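This report concerns only the one structure given below.
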Number of protein chains: 4
Amino acid sequence: MSQPRKPNPARRSERSRQAVLDAARDLVSELGYAKVSIEAIAARAGVGKQTIYRWWPSKGAVIFDSFLALSESEEGMSLPDTGDLEADLKIVMRATVAEFADPAFEAPIRALNTEIIGDPALAAQYREKLAGPVDEAKKERLRSAQRAGQLAADADLDLVLEVLYAPLYQRWLHRSGPLTPQYADALVEITLRAFAP
Amino acid sequence: MSQPRKPNPARRSERSRQAVLDAARDLVSELGYAKVSIEAIAARAGVGKQTIYRWWPSKGAVIFDSFLALSESEEGMSLPDTGDLEADLKIVMRATVAEFADPAFEAPIRALNTEIIGDPALAAQYREKLAGPVDEAKKERLRSAQRAGQLAADADLDLVLEVLYAPLYQRWLHRSGPLTPQYADALVEITLRAFAP
Amino acid sequence: MSQPRKPNPARRSERSRQAVLDAARDLVSELGYAKVSIEAIAARAGVGKQTIYRWWPSKGAVIFDSFLALSESEEGMSLPDTGDLEADLKIVMRATVAEFADPAFEAPIRALNTEIIGDPALAAQYREKLAGPVDEAKKERLRSAQRAGQLAADADLDLVLEVLYAPLYQRWLHRSGPLTPQYADALVEITLRAFAP
Amino acid sequence: MSQPRKPNPARRSERSRQAVLDAARDLVSELGYAKVSIEAIAARAGVGKQTIYRWWPSKGAVIFDSFLALSESEEGMSLPDTGDLEADLKIVMRATVAEFADPAFEAPIRALNTEIIGDPALAAQYREKLAGPVDEAKKERLRSAQRAGQLAADADLDLVLEVLYAPLYQRWLHRSGPLTPQYADALVEITLRAFAP
DNA sequence: CCTTAAGCGAGACGGTACGTCAGGTCTTGGC
DNA sequence: GCCAAGACCTGACGTACCGTCTCGCTTAAGG
């Protein structure tokens, strides 16, 4: 018995790959995740359906990749470090709040979360490729704060990030309350009190 | 031209309603949210498709209702109040962690979240009918703690609940880390420190 | 295990059935058998593909049925019987030759033969529903001739029909020679000599 | 603009040509004409698809060629001539009947007829390359019979062959009756009576 | 003898059609 | 008048092949 035969990546058409990713991104923005079909992506990209099925295992994977490609530009990001942790975090959190208020981010980020909930493989990729690098940058800033004595030296940084961000994400996903700069500030203050040295 | 004519709820068949809800619940457990179809629910329930379309606007609504019906039994719940907030919360949080470890809860809760992310109307219903009563019970316990001086009197109780639960939910949904009793305890401790009087 | 579940013929839409048959006939005439697709038939008929698959097992069956429907009008046909077998047969054979010269008959009849060669079930249906009644009418005329002493009383009438028609059909299908009124006459003369009393 | 550039036959790979022809023959036997694809032929032959498209214009042409190649061995055949036309023809016709009963001939011959009906160019090739030589040999025997006074001197030999063979071919293609040695004999007798001197 | 252009295998590509599944609407007959 | 049943049109699924198009690689001809 033979396996489903893997395509040869060396022959892959970069032009098609980009066209698919672009089309996927556009369609998610226009229609929302649920209403995007692989047929529509293929048609918009001017690509045969088989070309999508050859390189991606599912609709979720295509759309996920289209986000991945987007964020690859902002690689190696790092957070501001003025020496004042609270001020720095508030800037970052307020920026996040602002981002979430931008309707252009709405559809893609909800799409991403819908996929991730139902597909462990995508969730793993998400953590590794998207959340991971960003979290690492944030933890770097927190370590700097630990060295400066602004944060408990033994604080579990993953936990710090969760306390800081999870309430914000949840409130946004569930639409269970307003996302205001004040809310961002409150989260920073609460977190710093919780993990004070 | 005539409107789509609303059905008369008085005539509604309770037997069919229950059969649909039961079938929906079973199928979500067996297949996961995405793979459940209205056709399959109707077939399993021994019900005409029209009967579903007559009474529910969408697949999400049916499935949501099937969860609602489940939780209506546990109405009027309240949290333990031994006078020791930390101990009481740890009991509750550890119970939550244990619940999330039960594979029978996996499919339905992920289904619920998938629906809620993409449908504001369902999200509102969720907050009102499911999360609301539970949160109110929790807040009642927190108010008791405020009166006992175990929690800052001016603490925003919604925020307290978010800091307590959102990290847990997010870690579970994203599968970004293990859910242990120790993790539950840590969240309680962090939250109490953050909102200490 | 359950069978593929048969549709209930009582609920069949006559409007759809007719539309499919008409579309099939038209498309075969326009494009030829090989280039007709079920998708195209469905589209032209304004019908869902499933409606075709529900009632017919294959493209061949649809197209065959579309011919069947056509010929049902000429049911109960009978051949001229002037008492002069040779003259009567020449009229009929010349008419057949003329029919084959009509380009509008070209595509459908070739289509029919293509199907029949490859599909025993269709071949059986063809013999029973299309060829059978026509052949019976012809044999009726031949029996009359036998009674009149113009044909050997013990002649195998199926064989007579084959000798009369098979050369004509083959010449036309293989395009191996011209179909002229003279050719029609020659076949009649040869056949009558072969089966003379 | 440049023409599609014709390949240089001198460079043609004989090994590939044979492999394609063999694969085509095998696949037609196994699957029947309709289910054979060019992809499958190429794969079975271990040949690139382009190699097929380079040398043959259509699936029909490949398969036709594969039959041609087969029959090239039996070139220059001739019929028995014992002086007794009836006996000689019965031997030949009974042999043909036997051939048609062999299931190994089933698929290829039906395939050949399917092609020929729909493609005038292939039909012409068929007459010239396959049917022609065989018919010529048969006509040679008939001419010998004419000289011996066993057949009308002015008989149209093409017509004789049609009367002799077309009923047999048609009965086989349409499966409209049994092919027995008696049937073969009957056809010979009828034909000889029809074209008696 | 060595280049060089052709044929070759492989297989990705943009497409069309396949046959299936489900969506949501509509109709029929039974209760 | 709701209900079970299920046919209908629609649209997407994932697959099979179409015929075209590169890729490197042999391989035979001609300079």
Side-chain angles (χ1 to χ4, degrees), chain A residues 4-13 15-16 19 35-43 45-55 57-59, chain B residues 4-5 7-13 15-16 19 35-43 45-55 57-59, chain C residues 4-5 7-13 15-16 35-43 45-55 57-59, chain D residues 4-5 7-13 15-16 19 35-43 45-55 57-59:
Chain A
R5 247 203 20 78
K6 280 166 203 155
N8 175 356
R11 294 225 184 277
R12 180 164 193 178
S13 156
R15 139 194 285 276
S16 295
K35 290 193 181 157
V36 172
S37 66
I38 290 198
E39 296 228 334
I41 296 174
V47 138
K49 278 201 285 178
Q50 203 56 54
T51 298
I52 297 186
Y53 285 109
R54 186 151 36 228
W55 301 111
S58 67
K59 180 177 88 167
Chain B
R5 239 193 24 74
N8 174 357
R11 292 263 200 157
R12 180 167 194 177
S13 156
R15 140 193 287 277
S16 293
K35 289 189 182 160
V36 172
S37 66
I38 289 198
E39 297 230 335
I41 295 174
V47 137
K49 280 202 287 177
Q50 201 54 241
T51 300
I52 297 186
Y53 286 110
R54 186 153 33 230
W55 301 111
S58 68
K59 178 177 89 168
Chain C
R5 248 204 16 79
N8 174 358
R11 293 224 184 279
R12 180 164 192 179
S13 156
R15 140 192 286 278
S16 295
K35 290 194 181 155
V36 173
S37 66
I38 290 198
E39 296 229 334
I41 296 174
V47 137
K49 276 199 289 178
Q50 202 58 55
T51 298
I52 297 185
Y53 285 109
R54 189 157 26 234
W55 301 110
S58 67
K59 181 177 85 167
Chain D
R5 239 194 24 74
N8 174 358
R11 294 261 198 155
R12 180 166 192 179
S13 157
R15 139 192 289 275
S16 295
K35 289 190 182 159
V36 172
S37 67
I38 290 198
E39 296 231 338
I41 296 174
V47 138
K49 280 201 287 176
Q50 200 56 242
T51 299
I52 298 186
Y53 285 109
R54 185 153 34 230
W55 301 111
S58 68
K59 180 178 87 166

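Just so you know, these numbers use all the heavy atoms, side chains as well, and skip hydrogens, waters and symmetry mates. So you know, we letter chains A, B, ... as the sequences are listed, proteins then strands, and number each from 1. The shown structure was predicted, so the numbers you read here are calculated from the model rather than taken from an experiment.
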Closest non-hydrogen atom pair between B:Ser16 and B:Thr51, with its separation: CB-CG2, 4.2 Å
Of A:Ala45 and D:Gly46, the one whose closest DNA chain E nucleotide lies more 5': D:Gly46
Any donor-acceptor N/O pair under 3.5 Å between E:dC21 base and C:Gln50 side chain: yes
E:dA6 OP1/OP2 closer than 4.0 Å to side-chain N/O of D:Trp55: no
Gap between atoms CD1 and P, on A:Ile52 and F:dT15 respectively (whole Å): 13 Å
Within 6.0 Å of CZ in C:Arg15, more than 12 heavy atoms from elsewhere: no
Presence of C:Thr51 side-chain N/O under 4.0 Å of F:dC9 phosphate oxygens OP1/OP2: yes
Residue whose closest nucleotide on DNA chain E lies nearer the 5' end, C:Glu39 versus A:Arg11: A:Arg11
For the student: nearest non-hydrogen atoms of A:Trp55 and A:Asn8, plus distance: CH2-O, 3.5 Å
Nucleotide nearest D:Ile38 (side chain, heavy atoms from C-beta), chosen from E:dG24, F:dC18, E:dC18: F:dC18
Touch class at under 4.0 angstrom, heavy-atom based, for B:Arg12 against every strand present: sugar-phosphate
Atom pair distance, as rounded to whole Å: CG in C:Asn8 and C1' in E:dT27: 12 Å
Integer-rounded Å distance: F:dC8 C1' and B:Tyr53 OH: 14 Å
Toward the 5' end of DNA chain F, by each residue's nearest nucleotide, D:Lys59 or B:Gly48: B:Gly48
Exam field: side chain A:Lys59 to backbone A:Val36, donor-acceptor pair closer than 3.5 Å: yes
Which residue lies more 5' along DNA chain F, comparing A:Lys35 with C:Arg15 via nearest heavy atoms: C:Arg15
Residue-phosphate contact under 4.0 Å: D:Ser16 side-chain N/O, E:dG9 OP1/OP2: yes
Side-chain N or O of B:Arg54 closer than 4.0 Å to phosphate OP1/OP2 of F:dC3: yes
Minimal non-hydrogen separation, D:Ala45 against D:Ala19, with atom names: CB-O, 3.5 Å
Side chain A:Lys49 and base F:dG14 donor-acceptor under 3.5 Å: yes
